[in-house]
Amino acid sequence: MIARPGQAAHEVSIPSDGRSLGAEAPPSIAGWLHALSRRMNVPASERKAVCDELDAHLRQRVQELMLCGMLEVAATADAIEELGDAEELAKRYTQAYTHPRRRRIMQIGMLGIAGAAVVTAIVSLSGPGSVIPASAFQPAREEPPAALRDVKITADLSLRWDDFFQAIGKGATLPVFVHWPQLQTLGGSDAPTFSPDNGIGVDLQGFSLDAAIMLLNDHANLNADSGLAYRVQDGRIVFSSQAFFDRQETVLVTYDLSAAIAARQTDIDAGATTQEVVDSIKQLVTTLVHPELWADNGGELARMQTYGAKLFVSAPSRLQPKVQWVLSEMATAGRKGDAAPGTGANAGDMQVRVFPLKHVAASNTLRVIKELHSLQPLDFTKATSDTGTNSIIVQAPAELLARVGAALDAIDQPPAQDRKPVSVFDPRFQIRASGEGGLVIRASDGTEFRCEELNLDPEAGMQGVPVGEGGKKVPMLGDLPILSNMFTNRARTVPLRELPR
Amino acid sequence: MLTGNESAELVVLSLLAEGESYGYQLTKDAAGRSEGHLRLTPGVLYPLLRQLENEGLITSSWDAVRAEDSDEGAEGRKRKWYRLSPKGKRRLGQRVAAYESLRKVIDAFVGVRPREEGSR
């Protein structure tokens, strides 16, 4: 954010032409970097490294512009303007740091090839279809016992990691094994987050283990693919990295590509070789399904090879259903009813549409829309999210696709400016209207705070805008029924009078 | 199939395959090599470098600006240099292969039309 009057003194104000500064304060590199630094949700050491590097860039650019005859003030303004909006840049840095292997920061489409648009064109298939894995080898996975599922965790942020893990074992009456070497490498930092004597860093109040792990990973700037995970193995709770379990749970599955190849017969008739068709099928899978994990993309956990019309996929078991879904959709290409998304097909025909999202994370958004009353007729086994392109892919009749589109339009909004968000994440929180105006949210620990309105933000769960400075941050889990009511009203920001009492 | 992000990655990895470099120089090289058609803006480049480093595709180190390659006034300041890692070299090879296959597909369309028109 570089150009809003009335901001704090350390933020700079730059006129739109970057030159005619008049009586306004001249732009300052230090001020802009400070504004950027404040907005980046990354560790302090990382913030400093980013600012040092951008400082070097800006100073060299200013020098160059001055050599071209520009005055220093104008050159500084130009150089800062080239870096763009500090808030947007901070967001990109945060994403690059938080999701190191995702490509979301590149949605900018620098070279003009919109990734999502390319995917849309290729996934424009329609009609039902299926590709059943021809064979599979999969090790059994132990389900968590009820005692562990029912554990509720309340912990202070200073609680040591070692004590945290042991307390969970005690609560579930199960022995605990922690893979410290695996955990200490998470995040690639010199100062590991997951170390026996470090504090967990988050206050937890009555959380399930799954919810607690989600919050703890988020606090450590890790995602579900790269962070802390647990399994129950041989009657023990084992804590390790998700990558460790992924390697353990890698399964080899073969898929029959005959139908998918046959669906491309027109391409083959037009001169494409079968190998080219197979290559394009493989490329679509590695683009859509966890792209960062495939060896073809520089990953280490997923590989595929073809032999004739058989596709052998060695990948973590959680990837295989997605591979199967993409292949089954390709198998229906070229059948009756083929059409570009939203065009030409009858309302009752199944269509596939890709909804690229700009402001919110696809995986979280998919979880939210699954709870919407207005979308309950939708078969959500035919919906998936793609983190690579940050898109939601849905197969449904045209009328339902339109409803999905409307819901996603409502969700996919830029974050509100000048608002101090308060995350509200508890399934057990209560909402009621306040006699003083606004609404009161009561958290599980009895804390109450008053908001003027609630905003939907699937990435953060739900956000309230506190009245005055009294809002207290309350980490909890999203309450989806409330979101549903909000969606039924087709409003992203819900006036208080419309909220259920 | 190459998406915009993969293309940016391809450009940066290709430039670093020719030798170590730093952010500002990369923006210059990208513009110079493409005769100004490709503008690798700093707002895109620097987060991308951060991401590539996180993925282990490039490595970096800080070094003082050397007198022989500095502009006036830059000498003594620090600069972050990037290098391609072995993993980055593998990724670059994959990206180049993907680009080549995309180009073949596009060439098939771009090349066919004039010949058909010419034969009529």
Side-chain angles (χ1 to χ4, degrees), chain A residues 42 46 49-50 52-61 63-64 67 79 82-85 88-89 91-97 99-119 122 188 270-272 276 279-280 283-284 287 292 295-298 388-389, chain B residues 1-11 13 22-25 27-28 30 34 37-57 60 62 65 70-74 77-80 87-95 97-98 101-102 104-105 108 112:
Chain A
V42 300
E46 178 70 13
V50 166
D52 285 350
E53 184 173 34
L54 293 179
D55 181 66
H57 174 97
L58 286 166
R59 292 186 191 285
Q60 188 165 2
R61 182 64 178 148
Q63 212 165 40
E64 186 177 280
L67 286 173
E82 282 174 3
L83 273 172
D85 183 88
E88 183 61 33
L89 187 57
K91 201 183 298 175
R92 276 184 235 147
Y93 264 117
T94 303
Q95 286 173 349
Y97 192 87
H99 308 291
R101 290 182 163 179
R102 294 185 183 178
R103 311 239 180 348
R104 282 164 47 186
I105 64 165
M106 319 286 197
Q107 287 161 19
I108 314 151
M110 181 194 71
L111 299 184
I113 304 173
V118 173
V119 174
I122 293 180
E276 284 171 339
D279 286 345
S280 69
Q283 204 162 50
L284 187 59
T287 301
E292 69 276 12
D296 285 351
N297 296 334
T389 57
Chain B
M1 180 171 57
L2 282 175
T3 57
N5 51 325
E6 291 160 347
S7 303
E9 185 181 291
L10 173 61
V11 168
L13 294 180
Y22 55 96
Y24 193 80
Q25 189 59 44
T27 63
K28 290 289 193 188
S34 65
H37 292 296
L38 174 63
R39 193 160 170 263
L40 200 53
T41 61
V44 170
L45 174 67
Y46 286 102
L48 172 60
L49 288 169
R50 174 68 262 178
Q51 181 193 324
L52 297 179
E53 195 175 359
N54 276 1
E55 290 183 47
L57 301 174
S60 72
W62 288 89
V65 177
S70 73
D71 299 320
E72 191 184 345
R77 283 210 298 267
K78 284 187 130 188
R79 186 173 275 163
K80 195 174 184 185
K87 188 177 175 186
K89 279 180 193 162
R90 288 199 298 277
R91 172 74 69 86
L92 175 61
Q94 287 152 0
R95 289 276 177 263
S101 72
L102 173 66
K104 269 186 208 163
V105 172
V112 165

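Hydrogens, waters and symmetry mates play no part in the numbers below; they use all other heavy atoms, side chains included.
The backbone N or O of G43(B) sits nowhere less than 3.5 Å from a side-chain atom of E88(A) that would complete a donor-acceptor pair.
Taking CG of D296(A) as the start and CZ of R91(B) as the end, the distance is 10.5 Å to the nearest 0.5 Å. Note: Y24(B) OH to L58(A) CG = 10.0 Å, rounded to the nearest 0.5 Å. Rounding to the nearest 0.5 angstrom, the gap separating the CG atom in L45(B) from the NE2 atom in H57(A) is 8.5 Å. How far CZ of R79(B) is from CD of Q60(A): 4.5 Å, rounded to the nearest 0.5 Å.
By the 4.0 Å N-to-carboxylate-O rule, K28(B) lies close enough to E64(A) to be salt-bridged with it.
Under the rule for a side-chain contact (heavy atoms from CB on, under 4.5 Å), the partners of E276(A) that lie at least two apart in sequence or sit in another chain are A272(A), T273(A). Considering only residues two or more places apart in sequence or on other chains, T27(B) meets the side-chain hydrogen bond (donor to acceptor under 3.5 Å, both in side chains) condition with none of them.
Nearest heavy-atom pair across A295(A) and Q94(B) is O-NE2, 2.9 Å. The nearest pair of heavy atoms linking L49(B) to E53(A) is CD1-OE2, 4.5 Å.
Two residues are said to be in side-chain contact when any heavy atoms from C-beta on lie closer than 4.5 Å; Y46(B) and L54(A) meet this criterion.
For D52(A), the parts lying under 4.5 angstrom from a heavy atom of chain B are both the backbone and the side chain.
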>> Under the criterion side-chain contact (heavy atoms from CB on, under 4.5 Å), I'd like the reasoning laid out for Q51(B) against R92(A): C-alpha separation, chi angles, the key distance, then a yes or no.
In response: CA-CA 10 Å; Q51(B) 181 193 324; R92(A) 276 184 235 147; over 6 Å; no
